[in-house]
Peer 1: 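Just dropping this structure here.
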Amino acid sequence: YLGLELDGRWNFRAHFQKLGPRLMATAGSLSRLLPNVGGPDQVARRLYMGVVRSMALYGAPVWCHALTRENVAALRRPQRAIAVRAIRGYRTVSFEAACLLAGAPPWDL
């Protein structure tokens, strides 16, 4: 109901399989509002980053123990997409650089 997928083994694989595309769709929609040249100021960009972060980290205390390599990748992909837009960067900017410049710690911490 609230977006947290539970399974019998508590590995949350189904949750992350559905979460990744949903976050990428939201990040893509917000990216259209955030052009690289011009557009909203840094305050609005951080607000949009917070929207995607809130969606991603919903229920984190429950699924944090189940972070595998695939689940971390599902979290990092949308974080990088929105962080690159927040810093007005281009697609060649790495995940670490985008998060550092955007002032956003990795969500998998």
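For reference, positions follow the sequence shown, starting with 1. Computation of the quantities below employed the complete heavy-atom set of this structure, encompassing side-chain atoms and omitting hydrogens, waters and symmetry-equivalent molecules.
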Peer 1: At what distance, to the nearest 0.5 angstrom, does CD1 of Ile82 lie from SG of Cys99?
Peer 2: 11.5 Å

Peer 1: Test of understanding: clusters of I, L, V, M, F, W, Y form through side-chain heavy atoms closer than 4.5 Å, transitively. Do Met24 and Tyr58 belong to the same one?
Peer 2: no

Peer 1: Tabulate below the donor-acceptor pairs under 3.5 Å that side-chain atoms of residues 38-56 make, not counting sequence neighbours, or state none.
Peer 2:
from  : atom 1 : to     : atom 2 : distance (Å)
Asp41 : OD1    : Ala44  : N      : 3.4
Arg45 : NE     : Pro40  : O      : 3.1
Arg45 : NH1    : Arg85  : O      : 2.5
Arg45 : NH2    : Pro35  : O      : 2.7
Arg45 : NH2    : Gly38  : O      : 3.2
Arg46 : NH1    : Ala102 : O      : 2.8
Ser54 : OG     : Gly50  : O      : 2.9

Peer 1: Do you know which two heavy atoms are closest between Val93 and Arg80, and how far apart they sit?
Peer 2: O-NH2, 2.7 Å

Peer 1: Please state whether the rings of His65 and Phe12 are parallel, tilted or perpendicular, taking 30° and 60° as the class boundaries.
Peer 2: perpendicular

Peer 1: According to salt bridge (Lys or Arg N to Asp or Glu O under 4.0 Å), who are the partners of Glu96, at least two apart in sequence or on a separate chain?
Peer 2: none

Peer 1: Which side-chain N or O atoms in residues 70-77 pair as donor and acceptor under 3.5 Å with protein atoms at least two apart or in another chain?
Peer 2:
from  : atom 1 : to     : atom 2 : distance (Å)
Glu70 : OE1    : Thr68  : OG1    : 3.3
Asn71 : ND2    : Ala66  : O      : 2.7
Asn71 : ND2    : Thr68  : OG1    : 3.4
Arg76 : NH2    : Asp108 : OD2    : 3.3

Peer 1: Does anything in residues 16-41 form a ring pair (Phe, Tyr, Trp, His ring centres under 6.0 Å)? List the pairs, not counting sequence neighbours.
Peer 2: Phe16-Trp63

Peer 1: Shared ILVMFWY cluster between Leu100 and Phe95, side chains joined below 4.5 angstrom?
Peer 2: no

Peer 1: Give a yes or no on whether Ile87 and Tyr90 share a hydrophobic cluster (residues Ile, Leu, Val, Met, Phe, Trp, Tyr; joining criterion: side-chain heavy atoms under 4.5 Å apart).
Peer 2: no

Peer 1: Could you tell me whether the side chain of Gln79 and the main chain of Trp107 form a donor-acceptor pair under 3.5 Å?
Peer 2: yes

Peer 1: Apply side-chain contact (heavy atoms from CB on, under 4.5 Å) to Gln17 and list each qualifying residue two or more places apart in sequence or on a separate chain.
Peer 2: Arg13

